[in-house]
Amino acid sequence: MLVLPVEEQLKVITSGTMQIVPLEGLKEKLAKGKPLTIKLGVDPTSPDLHLGHAVPLRKMRQFQDLGHNVTLIIGNGTALIGDPSGRDSTRPPLTSEQIEVNAQTYVEQAMKILDPDRTTVVHNGDWIKPMNLETMLSLMSKFTVARILEREDFSKRYHNQQPIALHEFIYPVLQAYDSVMIKADVEMGGNDQIFNLLAGRDLMRDEGMEPQIALTMPLLEGTDGVKKMSKSYGNYIGLTDEPADMFGKIMSIPDELVARYYRLCSTLSIDEIDAIDASFEDGTADPYALKRALGRNIVELYHGADKAVQAEEAFDALFKKHEIPDDVAEFSVEFVRNDQGLVYLPKLMVEVKLSASAGDARRLIDGGGVKINGEALAPKSYNVDPDLLDHAILQAGKRRFAKLV
RNA sequence: GGGGAUAUGGCACAGCGGCAACUGCGGCGGACUGUAAAUCCGCUCCCUCUGGGUUCCUUGGUUCGAGUCCAAGUAUCCCCA
């Protein structure tokens, strides 16, 4: 299976990667001609994966396609700490049950990208939880506080006078220990993981093993085009997002990000991606067409070809023709009439989840952002005739709908 | 263990004792568009609202009135041990 020469493999492996430390070491490992063990550790802190999580997963898939093996480490042990990487505050702890549930959905979603036949899934709680204090202390003695404090996220928190809890310091130590346990050849991670990955190298060397190669992928920017994709920023594209939603979110990324998304998220070949890159470079690219094609590609990857076509059609209907989508969420509500027999709309909008509060709904109406059956409401028209609302479709802004039944 | 500093709405940063609280970012809505970017306008604690209610770490106190003053507590950071 492993027939490709080292240089050919490197072309695939280096596409889109941020750092490979050290590159020479990777070449040496590849030159042995044996399948390597590629490690990715994941903390099941959130049950939903997004395209940002998919970036390293896709790189792993490329490794698999080159004939290498992947070990996915479910961090049910390390999750007790919560990875401080890139964080500006301590993570809230999770319960074991939450972690189990999250881990399961994580693997389910990851397998949309990975090749299950070449993937091994292990739980680091298996060796972390039974660890005794002696082993623990011996591990911790291999790292110094100054070294750990070098990390940007820690030193930043330190200088910003934000708290760092003691247990957060041992996260990199435990992650490094995982590499020892599974004898990783390459550990992957987001670029914010570089410190943890290098800690793995140190510890492996300490244990007399050949140190792993650290390979990092860039952090994918979210739909706002600025901040890294993250659920808490609300700029994420979830792997389980509905096809139409996923397509729409991809369409809303800034043009500058299209080439990058192709590189990090699409299934196109390296050559095709290089060509797209080049077209952006020399200004011959058609960003709109390329973005649509990107949307199709990504939706197809996670939902299949049929859904991708439907998603694109639904997008056109909604945003080019301004049609009301046919899968609007339905609500059966009782109309509460006032003395004049009218219905107070703001309250109703809260009930059908179009608005967070009545006051918010009132402001939306005043701003001209509320429509009933496609008709915009005049400012201050908070009380409406119930006949108008009968089986009506309410719309808040451009994309939020609710159907009354 | 001793000394000092800080604590304001999603974030950042203001706030002579009369404030639902300056400003920036973010977010939402509208116009323009390719649901992009840029630009312009409006909104951004809750409430059927020309008004009412509840806020500025917590609890007490001073005061006609406190985010603003006092006391205690809590949390974080800094210096010393």
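Naming convention: chains lettered A, B, ... in sequence-line order (proteins, then strands); numbering from 1 in each chain.
Straight-line distance between the C1' atoms of rG4(B) and rU55(B): roughly 30 Å, to the nearest whole Å. rA7(B) and rC56(B): their P atoms are spaced 14 Å apart (whole Å).
Atom CG of Leu364(A) is separated from atom P of rC43(B) by 13 Å (rounded to the nearest Å). Distance, Gln395(A) CD to rU35(B) P: 14 Å, rounded to whole Å. The CG atom of Asn235(A) sits 14 Å away from the C1' atom of rG10(B) (whole-angstrom rounding). Between the P atom of rC47(B) and the CZ atom of Arg362(A) lies a distance of 9 Å, rounded to the nearest Å. Protein atom CD of Glu312(A) is 13 Å distant from nucleotide atom C1' of rG34(B), rounded to whole Å. Between the C1' atom of rG42(B) and the CG atom of Leu377(A) lies a distance of 17 Å, rounded to the nearest Å. As a whole-Å value, the separation of Met349(A) CE from rC43(B) C1' is 14 Å. Protein atom CG of Leu348(A) is 13 Å distant from nucleotide atom P of rU48(B), rounded to whole Å.
Using a 4.0 Å heavy-atom criterion, one finds that Asp366(A) contacts no nucleic acid atom at all. If you check every strand for non-hydrogen atoms under 4.0 Å, Arg363(A) touches sugar and phosphate atoms only. Gly368(A) comes within 4.0 angstrom of the backbone, heavy atoms only, and of no base. Residue Ile253(A) is classed as a sugar-phosphate contact, given heavy-atom separations below 4.0 Å to backbone atoms only. Within 4.0 Å of Tyr382(A), counting heavy atoms only, lies no atom of the nucleic acid at all. Residue Arg292(A) is out of contact with every strand shown, counting any heavy-atom pair closer than 4.0 Å.
Distances were taken from every side-chain heavy atom of Asn383(A) (C-beta onward) to each of rG29(B), rU48(B), rU35(B); the shortest belongs to rU48(B). Considering only the side chain of Lys291(A), rG34(B) comes nearest among rG34(B), rC28(B), rU35(B). Considering only side-chain atoms of Ser357(A), the nucleotide from rU48(B), rA36(B), rC47(B) that sits closest is rC47(B). Nearest to the side chain of Arg399(A), among rU35(B), rU48(B), rG34(B), sits rU35(B). When each of rU48(B), rU33(B), rG29(B) is scored by its nearest atom to the side-chain atoms of Arg400(A), the top-ranked nucleotide is rG29(B).
Remark: the Tyr261(A) side chain and the Asn297(A) side chain contain no N/O donor-acceptor pair separated by less than 3.5 Å. Side chain to side chain, Glu272(A) and Ser269(A) meet the donor-acceptor criterion of an N or O pair below 3.5 Å. Side-chain contact check for Thr78(A) and Gln175(A): no donor-acceptor pair (N or O, by modelled atom type) lies under 3.5 Å.
Within the shown strands, rC25(B) is the pairing partner of rG10(B) under the Watson-Crick or G-U definition, both distances less than 3.5 Å. Base pairing of rC19(B) is not made with any nucleotide, judged by Watson-Crick or G-U wobble geometry with both donor-acceptor distances under 3.5 Å. Here rA38(B) sits opposite no nucleotide as a Watson-Crick or G-U wobble pair (both hydrogen-bonding atom distances under 3.5 Å). Remark: rA66(B) base-pairs with no nucleotide; criterion is Watson-Crick or G-U wobble with both hydrogen-bond distances under 3.5 Å. With both pairing distances under 3.5 Å, rG1(B) is matched to rC80(B) as a Watson-Crick or G-U wobble pair.
Phosphate proximity of rU48(B) to Tyr344(A): present, with a side-chain N or O under 4.0 Å from OP1 or OP2.
If you find the closest nucleotide of RNA chain B to Gly248(A) and to Val336(A), the one lying nearer the 5' end belongs to Gly248(A). Along RNA chain B, the nucleotide nearest to Arg337(A) and the one nearest to Ala244(A) differ in position, and the one closer to the 5' end is contacted by Ala244(A).
Classification of Arg263(A) and Asp277(A) as a salt-bridged pair holds, one side-chain N sitting under 4.0 Å from a carboxylate O. Ion pairing between Arg61(A) and Asp65(A) holds under the 4.0 Å rule for side-chain N and carboxylate O.
Each of Glu207(A), Arg201(A), Gln212(A) was checked for a side chain to side chain donor-acceptor pair (under 3.5 Å) with Ser179(A), and the lone residue meeting it is Gln212(A).
Phe63(A) has its side chain within reach of Met188(A): a pair of non-hydrogen atoms, C-beta onward, lies under 4.5 Å apart.
With its glycosidic angle more than 90° from 0, rC11(B) adopts the anti conformation.
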